[in-house]
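Everything on this sheet refers to the single structure shown next.
Note on naming: letters A, B, ... go to the chains in the order of the sequence lines (proteins, then strands), and numbering restarts at 1 for each one.
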Amino acid sequence: DVKVTQSSRYLVKRTGEKVFLECVQDMDHENMFWYRQDPGLGLRLIYFSYDVKMKEKGDIPEGYSVSREKKERFSLILESASTNQTSMYLCASSFLGLNTEAFFGQGTRLTVV
Amino acid sequence: DQQVKQNSPSLSVQEGRISILNCDYTNSMFDYFLWYKKYPAEGPTFLISISSIKDKNEDGRFTVFLNKSAKHLSLHIVPSQPGDSAVYFCAAESSGDKLTFGTGTRLAVRP
């Protein structure tokens with residue numbers, strides 16, 4: 001069974017704090033992704049990575065950065081959290097190649113106060 | 001620019017009847033389409049997919065139809081069950097690139 005694990009289910013942080021969201025997958029997937037889900041907006045891609053130490057901006061990268069030091073781990077960093085970053089954050093992974101589905105973690109509900 | 005659109009934010013269906021969820025896309029380069037199901041406080045789970053070389057794919061109670069000329073796909077669930085109540089997202093990709101998701105449709109199946 002594919003397992004994508006996010007370090008926290010719920011987080012509450014203060015405005016201006018630096019926030020780390022961690023994601024680990026156990027299927028040796030090359031691709032890893034960070035999405036956020038907001039009502040009426042669906043899933044929007046923040047950043048993704050095709051390989052270790054490699055990253056690509058998604059559709060909404062502003063205010064975020066990522067780190068991929070090991071193949072199985074992909075971290076999302078909010079450099080200075082703001083209230084408009086309150087959201088559900090979803091990590092996903094997939095094999096590199098055509099016609100492969102992505103597997104998601106359980107999500108992290110982040111509230112910035 | 002929303003490349004994948006789900007124009008119905010919600011749908012309510014009687015148990016045992018058919019549920020039809022729709023999805024439209026604008027990017028003609030998309031060649032692989034997927035449906036995901038999401039329960040509250042959980043991550044999305046993969047449901048069914050279809051390649052652009054096909055027009056139909058079936059898996060048990062779930063069938064996905066693709067109309068390339070209309071840039072439209074739909075998910076049929078027959079018969080609908082209360083456990084199918086969830087948010088359904090369609091997604092599309094081009095040549096193994098990243099997935100682009102729609103905004104989701106919340107399905108409620110009434111007992």
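- Under the 4.5 Å side-chain contact rule for hydrophobic residues, B:Phe62 and B:Phe65 do not share a cluster.
- Taken together through direct or relayed side-chain contacts under 4.5 Å among Ile, Leu, Val, Met, Phe, Trp and Tyr, A:Met88 and A:Phe33 form part of one hydrophobic cluster.
- Linking ILVMFWY residues whenever their side-chain heavy atoms come closer than 4.5 Å, directly or via other members, places B:Leu21 and B:Phe33 in the same cluster.
- For a residue to count as touching a neighbouring chain, one of its non-hydrogen atoms must lie under 4.5 Å from one of that chain's; by this rule B:Pro44 touches chain A with backbone and side chain alike.
- In this structure, chain A has heavy atoms under 4.5 Å from both the backbone and the side chain of B:Ala41.
- Interface remark: of the candidates B:Val87, B:Leu99, B:Leu34, B:Leu99 forms the most heavy-atom pairs closer than 4.5 Å to chain A.
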Atom pairs (donor, acceptor) spanning chain A and chain B, under 3.5 Å:
residue: A:Arg9; atom: NH2; partner: B:Ala41; partner atom: O; Å: 2.4
residue: A:Tyr35; atom: OH; partner: B:Leu99; partner atom: O; Å: 3.2
residue: A:Gln37; atom: OE1; partner: B:Lys38; partner atom: NZ; Å: 3.3
residue: A:Tyr50; atom: OH; partner: B:Asp97; partner atom: OD1; Å: 2.9
residue: A:Asn99; atom: N; partner: B:Glu93; partner atom: OE2; Å: 3.4
residue: A:Ala102; atom: N; partner: B:Tyr36; partner atom: OH; Å: 2.8
residue: A:Ala102; atom: O; partner: B:Tyr36; partner atom: OH; Å: 2.7
residue: A:Gln106; atom: O; partner: B:Gly43; partner atom: N; Å: 3.4

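- For A:Thr15, the side chain to side chain contact (heavy atoms under 4.5 Å, CB included) partners are A:Thr83, A:Val112, not counting sequence neighbours.
- When the side chains of ILVMFWY residues are joined at heavy-atom separations under 4.5 Å, either directly or via intervening members, A:Phe48 and A:Leu43 end up in a single hydrophobic cluster.
- A single hydrophobic cluster is not seen to contain both A:Ile60 and B:Val4; linkage of ILVMFWY side chains at heavy-atom distances under 4.5 Å, directly or through other members, places them apart.
- Heavy atoms of A:Leu90 lying under 4.5 Å from chain B belong exclusively to its side chain.
- Your options are A:Cys91, A:Ala102, A:Gly97, and the one with the most heavy-atom pairs under 4.5 Å with chain B is A:Ala102.
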